[in-house]
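Note sheet for the following structure.
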Amino acid sequence: MEKFKEKLATLRSEADEANARADELEAQVKQLESEHTAKDHELLSLQIKVKNLEESLEKTEGQLTDMSSKFNDADLKAEDAERKVSTLETELGEKEQLHEELEEKYKTAKAELDELARQFDEL
């Protein structure tokens, strides 16, 4: 009977140890499940953040394309304006030269007219 009691005590001790180990493992499982849930939430949050960033990137790329197009249009207009300015400056130079020539002819003609008027008055 003594062996039976020892065996029973040993089995109880082993059962208590097994129960304690089971409790520890259950606690670990709960902690791991909790960590898993937290990681799932973190993953979901990161996926949402990635989606928002991708949408923001698409919007920004669209704005960049639009701004690039507007810049190219403005650049073309600036080049046209520069060509017009160059043409107008050349034209202005020609007109100023013509004005100087005509002014010189006018002065010469006026001097001749004044001389003729003076000679006419002397007659």
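- For K110 and D114, the salt-bridge test passes: some basic side-chain N is under 4.0 Å from an acidic carboxylate O.
- Ion pair D80/K84 not flagged as a salt bridge, since none of the NZ, NE, NH1 or NH2 atoms sits closer than 4.0 Å to an Asp/Glu carboxylate oxygen.
- Contact annotation: the side chain of L43 never approaches that of K39 to less than 4.5 Å [non-hydrogen atoms, C-beta and beyond].
- The closest donor-acceptor contact from the side chain of T60 to the backbone of S56 lies under 3.5 Å.
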Between R12 and D16, does the salt bridge (Lys or Arg N to Asp or Glu O under 4.0 Å) criterion hold? Intermediate values first, please.
CA-CA 6 Å; R12 280 187 184 156; D16 287 343; over 6 Å; no
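- Atom NE2 of H36 is separated from atom OG of S34 by 11.5 Å, given to the nearest 0.5 angstrom.
- Counting only distance, with no hydrogens or angles, the side chain of S86 and the backbone of E82 share no donor-acceptor pair below 3.5 Å.
- Put simply, the side chain of T37 gets close to the backbone of E33: a donor and an acceptor are under 3.5 Å apart.
- To the nearest 0.5 Å, the span separating CG on L57 from NZ on K59 amounts to 12.5 Å.
- Of the listed residues (E101, E103, Q97, K95), just one forms a side chain to side chain contact (heavy atoms under 4.5 Å, CB included) with H99, and that residue is E103.
- Interatomic distance, CG of L92 versus CD of E89, reported as 8.0 Å (0.5 Å rounding).
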From CA spacing to verdict: side chain to side chain contact (heavy atoms under 4.5 Å, CB included), L102, L98
CA-CA 6 Å; L102 290 175; L98 178 62; 4.0 Å; yes
Trace of the salt bridge (Lys or Arg N to Asp or Glu O under 4.0 Å) decision for D73 with K77:
CA-CA 6 Å; D73 290 346; K77 287 179 182 178; over 6 Å; no
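- To the nearest 0.5 Å, atom CD of residue Q119 and atom CG of residue D121 are 10.5 Å apart.
- Between atom OG1 of residue T108 and atom CG of residue L113 there is a gap of 12.5 Å, rounded to the nearest 0.5 Å.
- Side-chain contact of Q28 with E24: a donor-acceptor pair under 3.5 Å is absent, judged by distance alone.
- Once rounded to the nearest 0.5 Å, the distance linking NZ of K70 with CG of D75 reads 16.0 Å.
- With respect to the salt-bridge test (charged N to carboxylate O, under 4.0 angstrom), the residues R118 and E115 qualify.
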